[in-house]
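Data block below; observations after.
What you see is a predicted model; the values in this text were computed from it and never measured. FYI, the numbering just counts along the sequence from 1. Order of appearance sets the numbers: ligands from 1, and atoms from 1 within every ligand.
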Amino acid sequence: MMKIMKAQDYEHASRVVANFLAAQVLLKPDCILGLATGSTPLGAYQELVKRHKEGELSFAQVTTFNLDEYFGLPPEDERSYHYYMHYHFLDHLDIRQEQTHLPNGMAENLEAEPKRYDGLMHQAGQIDLQLLGIGLNGHIGFNEPGEIINDTHVVDLTETTIESNSRFFQRSEDVPRKAITMGIGTILRAKKIVMMVTGENKAKALKNTILGPITADVPATLLRLHSDFTIVADAEALSLVQDRLDLAEI
Ligand code: PGA
């Protein structure tokens with residue numbers, strides 16, 4: 001079932017998402033969290049770090065698996081998702097670093113890496129809560145429009161994604177062309193999915209996700225098949241569906 005929570009703005013949505021993650025950790029201290037990168041979850045991560053520093057929340061028993069990683073960027077490269085996760089979140093917590101996982105974008109055998117990552121997830125057990133953002137083209141993780149692949153896999157990024165992510169690179173030629181991503185099936189296996197969407201530039205992708213036909217052309221629409229799928233969005237992101245759904249602010 002899909003549930004939509006309307007927040008006022010980015011800060012409000014960040015607090016709501018932080019609450020979901022905090023509640024998960026409080027209820028099950030040894031939970032498995034599926035984590036996302038990008039601009040969207042930064043506020044929620046900041047809020048969780050604050051709560052941890054204030055002594056409200058311990059991540060000592062938590063395990064994490066990230067959705068994706070670029071191919072060819074080493075962990076110390078500040079544009080890699082390894083770097084992002086450590087810089088913005090993991091290094092500020094009491095989490096055991098060996099319990100945190102991302103696909104290895106520097107794997108010598110790139111074709112074998114998806115299997116290795118799926119094996120680790122399989123061994124750890126079901127993800128309790130998967131956090132997601134959404135791409136301008138409706139991608140989730142790096143599952144780009146057009147093809148549904150269930151397991152972790154290597155993907156060629158689309159031009160839309162390369163262009164959108166070029167804001168983190170000096171030149172768009174510098175954006176890696178390949179990435180490793182959890183598949184749609186992996187994502188749908190999580191017990192609970194929380195997708196955070198903010199800003200007017202995401203309004204069209206969100207409208208397609210909520211109201212459009214379920215299609216591989218908008219990978220996020222497949223999340224509607226999940227039994228526990230919550231969208232936390234701000235008023236701007238919901239601007240194109242507001243009239244149809246008449247959502248009250250939370
Ligand atoms: P963003 O990326 O949070 O930087 O907008 C989201 C995504 O592409 O999944």
For Ala237 and Leu206, work out which heavy atoms get closest and say how close.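 Nearest heavy atoms, Ala237 then Leu206: O-CD2, 3.4 Å.
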
Determine the sole option in Leu35, Val194, Ile193, Asp228 for which the side-chain contact (heavy atoms from CB on, under 4.5 Å) test with Leu129 is passed.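 With Leu129 as partner, side-chain contact (heavy atoms from CB on, under 4.5 Å) holds for just one option, Val194.
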
side-chain contact (heavy atoms from CB on, under 4.5 Å) assessment of Cys31 paired with Val25: CA-CA 6 Å; Cys31 64; Val25 173; 4.0 Å; yes

List, ordered by chain and residue number, the protein residues whose closest non-hydrogen atom lies under 4.0 Å from any atom of ligand 1.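 Ligand 1 is contacted, at a heavy-atom distance under 4.0 Å, by Gly38, Ser39, Thr40, Gly133, Ile134, Gly135, His139, Arg167, Lys202.
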
Less than 6.0 angstrom separating the ring centers of Tyr81 and Tyr87, yes or no?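 Between Tyr87 and Tyr81, which both carry aromatic rings, the centre distance is not below 6.0 Å.
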
Do the rings of Phe59 and His52 sit parallel, tilted or perpendicular, given the 30° and 60° boundaries?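 Correct class here is perpendicular.
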
Verify the distance criterion only: is there a donor paired with an acceptor across the side chains of Gln24 and Lys192 at less than 3.5 Å?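 Side-chain D/A pair, Gln24 to Lys192: absent.
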
